[in-house]
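What you see below is based on every heavy atom in this structure, not just the backbone, and it leaves out hydrogens, waters and symmetry mates. In listed order, ligands and their atoms are each counted from 1. Just so it is clear, the model here is predicted, and its values are computed rather than measured.
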Amino acid sequence: MRIQKFEVVESTNDLARKYILEGNKEPAAFVAEHQTRGKGRLGRVWEDEPGKSLLVSFALPGSTYSNPPLLGLATAVFVGEYLDLLPVPWETKWPNDVLIEGKKVAGILPEGIWQDGLVGVVVGVGLNVNQDEFPDDTEATSIKHAFGQALPVEQPLMYLIYRMEQVYEQIVDFTEILATFKDKFKSMGKKLRVRSNDQVWEGTAVDIEEDGSLILNMEGKLVTLGWGEVTLR
Ligand code: ATP
């Protein structure tokens, strides 16, 4: 895997997207110390304190991964596997977050890259490694906060590169990974508030399907939710 490091960029996902659109065939990782326009889902912003978090986007060229959201779920599990090595307890929040004690430690942003069909997938990871302070409006934490000591940002980077190379070589068992995601999804079986634009519903999370969609039971009616649709509260 090619690794490219930067001090300040707008968005590592955008660099990875450009790399794929230029026709590069080798997988690559774009790493930055700071993003000025870090992206989240639904047009939201990923904030960082320069040098204190892992900000990396993987570019996987090719048409193998026709379901980018599923790769996003898998990447959340890869982050969790790294936390297990420390160890730090973790959980998943569907569809794209990793939490420690209910607080967000990582956000994942998968994006399909299209040009007359799917030409690649980008998976961005924002992982709070060494921060002590967080944006006021977020329930956030860092690995340092949970683990009790600072860690080199390269450590989780190396683990994620190792797993992404396996993804690219297609030696990763997505069924097993999805089972782990579900097992770590602490809201499974519980009542959730679901927000989409201005609407709020309540439902019980009953399953996550093979394609990564969430099934909610809303007053007896089963509703399938896709990756970009809702926010769970
Ligand atoms: P939600 O957790 O509400 O479902 P989301 O999945 O839509 O959020 P993400 O794409 O994971 O959001 O990331 C954007 C959101 O994450 C922001 O709106 C903000 O609330 C929160 N956030 C931004 N920066 C950080 C950070 N460094 N650590 C934790 N949370 C953050």
- Message: Angle between ring planes, Tyr159 versus Tyr82, binned at 30° and 60°: parallel, tilted or perpendicular?
- Response: tilted
- Please report the C-alpha distance between Lys5 and Glu154 in whole Å, then the side-chain angles of each, then the deciding distance to 0.1 Å, and finally whether the salt bridge (Lys or Arg N to Asp or Glu O under 4.0 Å) criterion is met. CA-CA 11 Å; Lys5 293 192 173 177; Glu154 280 69 28; 3.7 Å; yes
- Could you check atom 15 (C) of ligand 1 against the protein and tell me its nearest heavy-atom contact, residue, atom and distance included? Lys104 NZ, 3.6 Å
- Query: Backbone or side chain, does any N or O of Gln131 fall under 3.5 Å from an N or O of ligand 1?
  - Reply: no
- Among protein heavy atoms, which lies nearest atom 10 (O) of ligand 1, and at what distance? Arg41 N, 2.5 Å
- Item | Where ligand 1 meets Ala140 - atom numbers and elements under 4.0 angstrom, heavy-atom basis | 28 (N), 29 (C)
- Task: Please could you name the atoms of ligand 1 that Arg233 approaches to less than 4.0 Å, counting only its heavy atoms?
- Result: 3 (O)
- Query: Under 4.0 Å from any heavy atom of Arg44, which atoms of ligand 1 are there?
  - Reply: 3 (O), 5 (P), 7 (O), 8 (O), 14 (C), 18 (O)
- Task: May I ask whether Lys93 has any heavy atom positioned less than 4.0 angstrom from an atom of ligand 1?
- Result: yes
- Message: Would Arg2 and Glu26 count as a salt bridge (Lys or Arg N to Asp or Glu O under 4.0 Å) here? Give the steps.
- Response: CA-CA 7 Å; Arg2 255 195 238 181; Glu26 201 190 325; 3.4 Å; yes
- Message: I'd like to check which ligand 1 atoms, numbered from 1 as shown, lie under 4.0 Å from a non-hydrogen atom of Asn128.
- Response: 26 (C), 27 (N), 28 (N), 29 (C)
- Message: Tell me the contacting part of Asp97 for ligand 1: side chain, backbone, both, or neither, using a 4.0 Å heavy-atom threshold, strictly below.
- Response: side chain
- re atom 20 (O) of ligand 1, the protein heavy-atom contact at minimum distance is Thr138 CG2, 3.3 Å
- Enumerate the residue pairs fulfilling ring pair (Phe, Tyr, Trp, His ring centres under 6.0 Å) with a member in residues 179-226, sequence neighbours excluded, ordered by first and then second residue. none
- Does Thr231 reach ligand 1 with a nitrogen or oxygen that is under 3.5 Å from one of the ligand's nitrogen or oxygen atoms? no
- Query: Among protein heavy atoms, which lies nearest atom 23 (C) of ligand 1, and at what distance?
  - Reply: Val45 O, 3.3 Å
- Examine Val122 and Leu73 and state if one hydrophobic cluster contains both, with Ile, Leu, Val, Met, Phe, Trp and Tyr joined whenever side-chain heavy atoms are less than 4.5 Å apart. no
- Message: Do Asn13 and Ser57 pair up side chain to side chain, a donor and an acceptor below 3.5 Å, judged on atom types alone?
- Response: yes
- Item | Asp207 and Lys182, any side-chain heavy atoms less than 4.5 Å apart | yes
- Message: Quick check on Asn96 - does any of its heavy atoms sit under 4.0 Å from an atom of ligand 1?
- Response: yes
- Query: In terms of residue, atom name and distance, what is the protein heavy atom nearest to atom 31 (C) of ligand 1?
  - Reply: Trp46 CZ3, 3.5 Å
- Check: Arg41 side chain, Trp227 main-chain N or O, donor-acceptor pair, under 3.5 Å: yes
- Walk me through it: do Ser213 and Asp211 pass the test side-chain hydrogen bond (donor to acceptor under 3.5 Å, both in side chains)? CA-CA 6 Å; Ser213 323; Asp211 69 353; 2.6 Å; yes
- Taking only non-hydrogen atoms of Glu47 and a 4.0 Å limit, the atoms of ligand 1 in range are 23 (C), 24 (N), 26 (C), 27 (N)
- Message: Can you name the atoms of ligand 1, numbered from 1 with element, that are less than 4.0 Å from a heavy atom of Gly40?
- Response: 10 (O), 13 (O)
- Using atom types as modelled and distance alone, determine if a side-chain donor or acceptor of Asn128 lies under 3.5 Å from a backbone N or O of Thr141. yes
